[in-house]
Structures are given as C-alpha cells and as structure tokens.
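Each remark here refers to the structure printed beneath this line.
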Amino acid sequence: MSASATLSLPSPHQHRFRVIISKLGLDGHDRGAKVVARALRDAGFEVIYLGVHQSPEDVVEAAIEEDADVIGVSILSGSHMELITDLLKIMREKGLNVPVIAGGIIPPDDAKELKKMGVFEVLGPGTPLSKIVEVYRAAAAQVRRK
Amino acid sequence: MSELSRIREKLLEWSKEVLEPTMKRFPEIKKEFLTEEGFRIRRIYTPLDLEERGWDYIEKLGFPGSYPFTRGPYPTMYRGKPWTIRQYAGYGSAEDTNARYRYLLGIGQAGLSMAFDLPTQLGLDPDHKLAWYEVGKVGVSMPSVDEMDLVFRGIPLDKVSTSMTINATAIEVLSMYVAVAEARGISKSVLRGTVQNDILKEYIARNNYIYPPAPSMRYATDLIIYAAQNMPKWNSISISGYHFEEAGATPAMEVGFTLADAIEYVNHVLDRRVLGIDSFAKRLSFFFAARTNFFEQIAKFRAARRVWAKIMKDRYGAKDPRSMMLRFHTQTAGVLLTAQQPMINLIRTTIQALAAVLGGTQSLHVNSYDEALSLPTEESVKLSVRVQQVLLYEAGIIDTVDPVGGSYYIEWLTDMIEDKVWKIIDAVDRMGGMIRAIENGYPQREIAKAAYEWQLRVDKGEIPIIGVNKFVERKEEMKVKVLKVDPEVRDRVISRLRKLKESRNEERVESLLDELRKAAEREEINIFPHILEAVRHKATLGEISGVLREVWGEWRAPEVY
C-alpha cells in the first residue's frame, strides 16, 4: 500500500518544509515518533529525525543548524512539563522562533497548560496521521518567513 | 469409508444444501477475513484443515509438561499452580514504591514487579544533569543499596518473588537486592524472581541501552552464569517480545525475533565454556504481549512453546525437559489502550488477559484503563488485579489444562504462526545471528514498517478501534484522575544520596571501583562479584556504570524509521 494514497503530496512549486522530529529526554518509546517522521516524509516534508535521548539543548542546536521550520517532540515518560519548559526557554535564549508540536502520553490538563506556554499543538494517542500532517503544515506555513 | 472421507462428503453436502442458499440471501459482511499476521481465515475449520497440513496429535501437541510443550509447560497447569498475578509497579521515591507494593500485596497480588526510572535504567545517578527531568517518573529511583532497603521495608524477601525490569544496569540492581537480603540474614540461594537482563531487545525496540552490543552481551552473559552458579531459583533473563509488539511487530515477528535473541544469548553462554546447556537453559524465561485479536494471540503463545522446545532439543541437544519448556510472563498490549473513552480499555484488557491465560502464561500483568493518559492510580490498578481474579476464581478457566487444545481453528493458527516464526529465525541465522541483524537494522526496519502500515490501516478505518475511528464521541468528557509524581521526590532522593556518600568508606569504594575497572577490561573475568562487592560498600549505580562506560564506551544507534 502506498502512503501517498492517503497523505497528499505537495505540488512541485511548494516549498519543502523542514521539520525536526525528536525524542526529548531519556524515554525510549519511539514508535510514535518514527511513525510521525515517516508520515511527514511521505507527505513531502524534509524530516530530520534525531532519535532518542535528546536533551532540550540538543534539539535547539539541531533546529538552528538544520534551519528547521517546525520542531516535533515526543515524550511518554511523564516529564513533558519540565522538558518542554526548558526547551522553550532555551529557544528564547537563542532567539529561535519556530513552532513546537508535542506528542506522547500527555494528560489533558497538561496539554492545556503547554498550549498556554506557547506550544503550537499537543497531539495525543489516537490522532490520525492526516490530522498530524495538517497540523505540521499549518505550523510550518505560519512561520515560513525567509 | 474412513472418517475423514465421510467428513469431506458431508462438508460438500452442507456447502451445497445449507451454505449456498444462505450466502445468496445473506452475503458475508466482508470479502475476506484476515488475522493480524495477514493469514486468510477460512469460514469454518474441520479435521480436514489439519489433515491438509499433515497434522499429528502426538507430534504437534503431546501432553502438557512434556515435549513439545504445546499444551503447557506443566502437567497440571493452573489446577496445580495458578498464574502469578504480577502488576508492574514503581514510581517516585523508595517510600512511594514501598507503599504501592504493600498495597498490591494487600489486595491479593502474589509477586512483585519492579519498575525503575529512566536514570536508573541508563546508569545515571539522580544528581546527574540528564537525569534531572526523569527522577522517579516511570519507576522508582534506585541509585544505591540504601534505596533498595527502603523499597522492601516490611516485605519478606525470602517469601515474595520479585521481577525486575532492568537491563543495561541489571547486575548493579540485582546486586542491591542480594545485598539487602544478605544484610537481613537471607541467603541469595533462596531468592526467587526474575531480572529482565535482555539487552538485545533494547537495541531493537526499547532503547534503554548504554554500551555497544559486544560488551553488553558479555555483561548479560556474566549475570546468567553467576546466577546459574549462585542463585538456583532466580530467572537470570527474561527474553522479551513484548517491546517488539509494542513497537509494531506482528505476532510472528514478536516470537521470531525473541527466539532469535534467545539463540544469541545461549550461544554466548556456551561460548564461555563454563556451563553446559542443561545447567542454565531452565532459568531462561520469556516475556510476551497479549493483544485483543484473541485466537491468533492464543496460537502465538502455543507456537512459541513448540518452536523453543524444538530449538533446545534439536539445535542444542538439551536433555533436561526443563531446558525445553518455554515459561513466560505476559503483559496486555499497552499500545491498544485508547485515551478516548478510556473505560473501554477494561474490556479490552479482559479479553487480552483471557488470551494470555488460554495461551498458558506463568504470570500476568493487566494494564490499567487510564494508562494512555498517565501512570495508573491505585483505583485503576486495583481493577487490573480484579480482572485477573475474576478470570482465576469465577470463570472456570483453570479447571482443565489447555481447554482450547484440539480446536481445529486454534491448531491451524498455531501451525501457521509456527511456520512463519521458523522463517524469521532462518532469516536471522542467514545474517549471522541477531547481533549482525541488529547492526544491519533488519529487525528495526521490519518493525517500523509494520507499525507504519498498521497506522495507515487504522486511519483508513480498515482496523476498527472503538472510540478512535468507530463509535467516536465528539464531545468527550476526559474525567480521569491522573497520578502525578511529587516533584519533591528528586530532592529527597538526592539528599539521601549525599548522606550515603558522606557515611561510606570512600577509600574502600575507590579501590573496589578500580578492581571493577580491571575486571571489565578482561573478558574472562565475571564482573558480577566485583559489582556486588562495590554495591555492598555503597558504591552508587552511576559510579559503577560510569566505570563500565569508561572501559566499554557508549552506543549510538543507527536511526531507522
């Protein structure tokens, strides 16, 4: 089955959005991150997959180096509040202004809080890939400024 | 006329006279019916389907407690020994976990199953920079022998059996358990339990590895050998397919990759020329997932037992039947829990648990209904234990051994899975074994591909999930109590760690760590006794792991998705 049948590819004149997908923190559950990475790739994004055991510093550094349009982080260990707080703080310090999308096991109240803190969207378990692609596209389009 | 010919004749008659007219009036709801493995399921199974495969009762089933163990590892199964209700638990500090364990033992759980936080699993003390975010989150923080003592305060170590999900730091943590027992006057030879110690699956799916594969295999092998010589009641490894299933593996991949891992471990132990096959194979244990797709899951467990028995007998020439019997723990599949309408998860886990029990599991963890949202609360964990108790005490499932044995469908499925498992094992053999296969990214790639295809099919609605893509409730009230780990846990654990370091004989610790370094450099030395001695003198997990990191280096994974 080809993925492009379900996830529409961008037309040739469109810019290829660059997105960082990363596991943030020490959590090793990477099924979700990998599936999202692949779905975004099949939908025409340029995906830089950082893999597991990434600190907030690592992610920010990679995002700057790769000139990323969006940062996607996945956390299933329950440390999302502390990790994302630091990620946003370091981004501010480094003057990096791109949307952050979070996925994983994040309780509804925490998701609300994270959005208040400036996270673009929180995508929990059960979110269809088409919705995920749509959210990443919206996030990237919003900041494509260069 | 033989019985089979009579069945064949009657089947034709039934097809023409009963089936066809019905199919005309009421067509079936789908064109084809498939298992999760992709096997096309026939409308009805009869002895003819088994005959077609050359099925032979004695060869395929035999009797429980004897080769090939398809019907179960023990002759009386649950009539003699019910499965162990063993809920995986642990969070926060040692005090929190101690309270949860006493609670679980109090509501009728028989065995403990320890969850450790990520710093503990990755060899970092709680005061390490990278550990800061994760102390006490997915399990208990365990930097020293003192914390182990606190966790087991008031729990008799000679009475409980304890399972520990720990791999890259398995020797450190098991040493803490042994040291606490010895301090209480209990010999390590009577301790009962299991340590996961399965590093290969970390490279494939779970990602809690520290060192590169070669020294990691030496570490795991040292533990297996030490336990075989000193801890006769301890399962020195729990070779795990659960994490493959969670990462996306199909049922045959789950079993195939697990048994291929097992072959790699057995080869490594034999290569050391210290132990013969029958002196350690009986202490190898296994760990699988139970999904909701009921019949194929039951078949999966039965096929796993049969394949393992054949491997031990034919490939390794094992003589002791206990070496050939695959004993396993089961956990219901976490990936099948939904955050949407979470109470439905109780129904799912009941079906999954039933599959595990009909598949002949030795112990069982039932996930809690709220775990797609957060760590489980006491109330939700209690329901998980109650699910098991209803199966055990009310449902009559334990009254006979292998009640599904002889079902034409189950036996056909068991055979089909077995065939596919052998194909996977052959593929890994051809690559030169599991370490090679991992370095090539083979199991990682296969599993990632299966996960992606699964998600695409869910999105298309081909795989129905109630509450997610079917019977969705638009305005869902998410009123689930959420368990949060107290952020003060970190401070408490770190301040105890400081006190420990002030109270110990620093010189002694230094010299023991130095001895460990020398042992780690020489492959013919078993490092277990060195780690145990360091732990007794209050060396911390991070210090011990740090020494091994210096000698062995760290592993960076090739990223495959």
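In what follows, every chain begins at residue 1, and chains take the letters A, B, ... in the order their sequences are listed.
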What do you reckon, is CD of B/Glu488 surrounded by more than 12 foreign heavy atoms closer than 6.0 Å?
no

Nearest-0.5 Å distance, OG of residue A/Ser79 to CG of residue B/Leu118:
7.0 Å

Identify all side-chain donor-acceptor contacts of residues 102-114 of chain A below 3.5 Å with residues at least two apart in sequence or on another chain.
| from | atom 1 | to | atom 2 | distance (Å) |
| --- | --- | --- | --- | --- |
| A/Asp110 | OD1 | B/Lys484 | NZ | 3.0 |
| A/Asp110 | OD2 | A/His80 | NE2 | 2.7 |

Residue by residue, which of residues 115-125 of chain A have a heavy atom closer than 4.5 Å to a heavy atom belonging to chain B?
A/Pro125

Under 4.5 Å to a heavy atom of chain A? For B/Val335 that would be side chain

Beyond-backbone contact of A/Val35 with B/Trp454, side-chain heavy atoms, under 4.5 angstrom
no

I'd like to verify something: which residue of A/Ala37, A/Gly51, A/Gly78, A/Ser77 has the highest number of heavy-atom pairs under 4.5 Å with chain B?
A/Ser77

Between B/Tyr209 and A/Val52, the two heavy atoms sitting closest are OH-CG2, 3.7 Å

So among A/Thr85, A/Asp86, A/Ile75, which one has a side-chain contact (heavy atoms from CB on, under 4.5 Å) with B/Tyr133?
A/Asp86

How about residues 20-33 of chain A versus chain B: which residues have heavy atoms under 4.5 Å apart?
A/Gly25, A/Leu26, A/Asp27, A/Gly28, A/Asp30, A/Arg31

Contact class of B/Val138 relative to chain A, heavy atoms under 4.5 angstrom:
both

Return the set of residues passing side-chain hydrogen bond (donor to acceptor under 3.5 Å, both in side chains) with B/Arg556 (not counting sequence neighbours), or none when no residue passes.
none

Tell me, side chain or backbone of B/Glu202 under 4.5 Å from chain A's heavy atoms, or both, or neither?
neither

Under 4.5 Å from any heavy atom of chain A, what part of B/Leu124 do you find: side chain, backbone, both or neither?
side chain

Below 4.0 angstrom, N of the basic side chain to O of the carboxylate: do B/Lys137 and A/Glu82 qualify?
yes

I'd like to know if the side chain of B/Asp459 reaches the main chain of A/Leu129, judged simply by a donor and an acceptor atom lying under 3.5 Å from each other, with no hydrogens or angles considered.
yes

Considering only heavy atoms and a distance below 4.5 Å, find which of B/Ala448, B/Ala557, B/Gly248 pairs most often with chain A.
B/Gly248

Residue, of B/Asn208, B/Leu122, B/Asp117, that accumulates the most heavy atom pairs under 4.5 Å with chain A:
B/Leu122

Gap between atom CD1 of B/Ile447 and atom NZ of A/Lys34 - 0.5 Å precision
8.5 Å

What part of A/Val47 is in contact with chain B, defined as an atom under 4.5 angstrom from a non-hydrogen atom: side chain, backbone, both or neither?
both

What part of B/Gln121 lies closer than 4.5 angstrom to a heavy atom of chain A: side chain, backbone, both or neither?
neither

